[in-house]
Amino acid sequence: MGKRDDLIAQYADDLRNKCGMEPDMALLTKVTIGCGPSIYDSDASTVAASQPGELETVKNNFLVKKLGLPDGPNLMEAINSVIETYGKSERNKYRAVVYYMLTKHFGKESVYG
């Protein structure tokens with residue numbers, strides 16, 4: 001198993017144990033691959049949920065550009081809901097897990113089809 005497979009297993013574990021959901025492994029793998037090399041960088045691989053600028057980046061670069069959603073207050077509400085599900089006290093919120101949950105939230109799995 002390569003490093004990416006180890007990370008995907010870790011993300012699946014977070015989804016099960018911290019977020020209370022059974023991951024769709026095929027989708028989780030595609031979302032992880034979609035994150036590119038950032039998953040290997042300790043800073044870029046996580047979402048700093050306490051920084052409004054970071055949440056804006058997730059909204060603009062992922063929800064609007066990648067998923068093609070129209071900008072609106074519902075996007076920030078969804079991000080906050082996902083952060084809440086992950087656990088505000090959870091220090092490492094992995095980007096791939098956050099993106100996976102947002103993809104599921106908006107029913108945009110077809111983007112990764």
Worksheet, complete the sentence: Of all heavy-atom pairs linking V47 and V58, the shortest is CG1-CG2, 4.2 Å
Worksheet item: Which heavy atom of C19 sits nearest a heavy atom of V97, and at what distance?
Response: SG-CG1, 4.4 Å
Worksheet item: Under 4.5 Å between side-chain heavy atoms, hopping through other hydrophobics if needed: is there a path connecting Y100 to I33?
Response: no
Discussion item. Which residue in the set K93, K59, R95 passes salt bridge (charged side-chain N to carboxylate O under 4.0 Å, His left out) when paired with E54?
Written reply: R95
Worksheet item: Which atom names give the shortest non-hydrogen contact between A96 and T32, and what distance separates them?
Response: CB-OG1, 3.8 Å
Practice prompt. Describe, in one word, how the ring planes of Y99 and F62 are oriented to each other, choosing from parallel (under 30°), tilted (30 to 60°) and perpendicular (over 60°).
Written response: parallel
Worksheet item: Under the side chain to side chain contact (heavy atoms under 4.5 Å, CB included) criterion, do L15 and M101 qualify, and how do the steps go?
Response: CA-CA 9 Å; L15 283 163; M101 288 196 288; 3.7 Å; yes
Worksheet item: Roughly how far apart are L63 CG and N74 CG, rounded to 0.5 Å?
Response: 9.0 Å
Practice prompt. Supply the atom-to-atom distance D13 CG to K18 NZ, rounded to the nearest 0.5 angstrom.
Written response: 7.0 Å
Discussion item. Let me confirm one number: the CG-CG distance from L7 to D14, rounded to the nearest 0.5 Å.
Written reply: 11.0 Å
Worksheet item: For the atom pair NZ (K104) and CG (L27), what is the distance rounded to the nearest 0.5 Å?
Response: 6.0 Å
Worksheet item: If you round to the nearest 0.5 Å, how far is OG1 of T29 from CG of D5?
Response: 7.5 Å
Worksheet item: Between atom CG of N80 and atom CG of L55, what is the distance when rounded to the nearest 0.5 Å?
Response: 6.5 Å
Worksheet, complete the sentence: Residues M21 and T85: closest non-hydrogen pair is CE-CG2, 4.4 Å
Fill in: T103 vs V111, side chain to side chain contact (heavy atoms under 4.5 Å, CB included): CA-CA, chis, key distance, verdict
CA-CA 9 Å; T103 301; V111 170; 5.9 Å; no
Discussion item. If we ignore hydrogens and angles and just use 3.5 Å, is the side chain of N60 paired with the main-chain N or O of E56 as donor and acceptor?
Written reply: yes
Worksheet entry | Minimum heavy-atom distance K30-G113, with the two atoms named | NZ-O, 4.2 Å
Worksheet item: Nearest heavy-atom pair of Y86 and N92: which atoms, and what distance?
Response: OH-O, 3.7 Å
